[in-house]
Amino acid sequence: MPQDLPARMLRLLSLPQTRREWTGAELSERLGVTLRTIRRDIDRLRQLGYPVEGTTGHHGGYHLSAGAALPPLVLDDEEAVALAVVLTTATAHGTGLTGVEETAVRALAKLQQVLPTRLRHQVDALRRATTPVSWNTGARTDPTALATLAAACRDHELLTFTYTTGHGRTDTRRAEPHALVNAAGYWYLIAHDTEREDWRTYRVDRLTHPTPTGRRTTPRELPAADPATYLAQRIAATPTRYTLRATVPAADAAQYARTWSLPDRVHPHKDGARAGIDLTANTPHHLATQILRLHSTSTFDETEGVSDAELAAHLQERGRLLLRAARALGGEVE
């Protein structure tokens, strides 16, 4: 019947995704229509751009080959739950694959939007009952909040949320979301705060109860080339308790800038072979960790009139610890 055509077309498109090839007779029986109707529907799919190929002979049939466009994926309940759990884990704890975090969040936002309530309950139950082990140093982020924020960024929808600053102050914010950026194990929301009338960056792990208001806004122009650049500039400009400048080979400085997403803290020397890099942290331990990632030929600039006994003592203790480890391994230590 004509009113069944859209549903039948979607079903016909989904069947070749479940196995390599179907004969015309199998499709006819599965969909409850004549073989002639199957041929007409196949032609309609081809006109829409889906590469449904047919083979002749005793073992001939139809199969879906790779094309220019991704066809609609029809998932059963188990597949949908599995995909949601995988995306949830990837966004909350990191994928281990640099560059795919934002893509995983966008995919999760799309899936959350269409996931039936009964399946959402299954996904939530699995998430609560599962305790993954993460080796990342960043904070765990609520995937549901990430999906909500990603959808708001996509739809340019004004939202409210509760935010706790680094100083422990909590209040309600109202903002126009622009983008989500993953850096150094943390998720950041870049948004325009409507009350402060300025751009802000928010650590998503400090953000709770994100609530879309239903009000769409006109996208604003970000005061930077892209969201990642804006975030790097804001982090680089944030005051920290400890600062130390190291001189490293120029090639290593470029790598540090990419890894830490802080190009503004790299200062090339005139000779082009070296560069200064500002190491900053709020704890001695964090700064010591950054130092250990430097090239072994790195040197440190002495700043006149500036001293920090606490930091110096911590670094000396870390150095003695490394020497003890070297001796335990039979190393000759001067």
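Computed from heavy atoms alone, side chains included, the values below leave out hydrogens, waters and symmetry copies.
Defined by atom type and a distance below 3.5 Å, a donor-acceptor pair is present between the side-chain atoms of T164 and T170. Between the side chains of T165 and H167, no donor-acceptor pair of N or O atoms lies under 3.5 Å.
Between S298 and I291 the shortest side-chain heavy-atom distance does not fall below 4.5 Å.
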Candidate pair H314 and H285, rule side chain to side chain contact (heavy atoms under 4.5 Å, CB included), full reasoning:
CA-CA 8 Å; H314 181 85; H285 177 75; 4.1 Å; yes
Would you please test T240 and L287 for side chain to side chain contact (heavy atoms under 4.5 Å, CB included) and show each step?
CA-CA 11 Å; T240 54; L287 191 66; over 6 Å; no
Test log, rule side chain to side chain contact (heavy atoms under 4.5 Å, CB included), inputs T37 and L31:
CA-CA 10 Å; T37 298; L31 297 178; over 6 Å; no
Verify side chain to side chain contact (heavy atoms under 4.5 Å, CB included) between Y188 and R203, making sure each step is shown before the conclusion.
CA-CA 5 Å; Y188 294 86; R203 277 254 305 265; 3.6 Å; yes
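The CH2 atom of W199 sits 5.0 Å away from the NE2 atom of H178 when rounded to the nearest 0.5 Å.
Put simply, the residue from T299, T247, L279, D252 that forms a side-chain contact (heavy atoms from CB on, under 4.5 Å) with L294 is L279. For the side-chain hydrogen bond (donor to acceptor under 3.5 Å, both in side chains) test with T280, the passing option among R265, Q290, H286 is R265; the others fail. Screening W187, F161, Y186 for a ring pair (Phe, Tyr, Trp, His ring centres under 6.0 Å) with Y202, the sole residue that qualifies is F161.
Using a 4.0 Å cut-off between charged side-chain N and carboxylate O, R40 and D43 make no salt bridge.
Remark: side-chain polar atoms of R174 are not paired, donor with acceptor, to backbone N or O of E195 under 3.5 angstrom. The main-chain N or O of L158 is found under 3.5 Å from a side-chain atom of T213 such that the two form a donor-acceptor pair. In this structure, the side chain of D193 does not engage the main chain of D198 through any donor-acceptor pair within 3.5 Å. A donor-acceptor pair under 3.5 Å links the side-chain atoms of T217 to the main chain of H156, judged by distance alone.
At a threshold of 4.5 Å between side-chain heavy atoms, the hydrophobic network of Ile, Leu, Val, Met, Phe, Trp and Tyr places F300 and Y242 in one connected group.
Listed by first and then second residue, the salt bridge (Lys or Arg N to Asp or Glu O under 4.0 Å) pairs that reach into residues 146-171 are R169-D171, D171-R173, D171-R196, sequence neighbours excluded.
Open room surrounds CD on E29; 12 or fewer heavy atoms of other groups in view lie less than 6.0 Å from it.
When every heavy atom of A152 is checked against every heavy atom of L159, the shortest pair comes out as CB-CD2, 3.3 Å. Of all the heavy atoms in A191 and A175, the pair that sits closest is CB-CB, 3.8 Å.
With sequence neighbours left out, the side chain to side chain contact (heavy atoms under 4.5 Å, CB included) criterion links H209 to T162.
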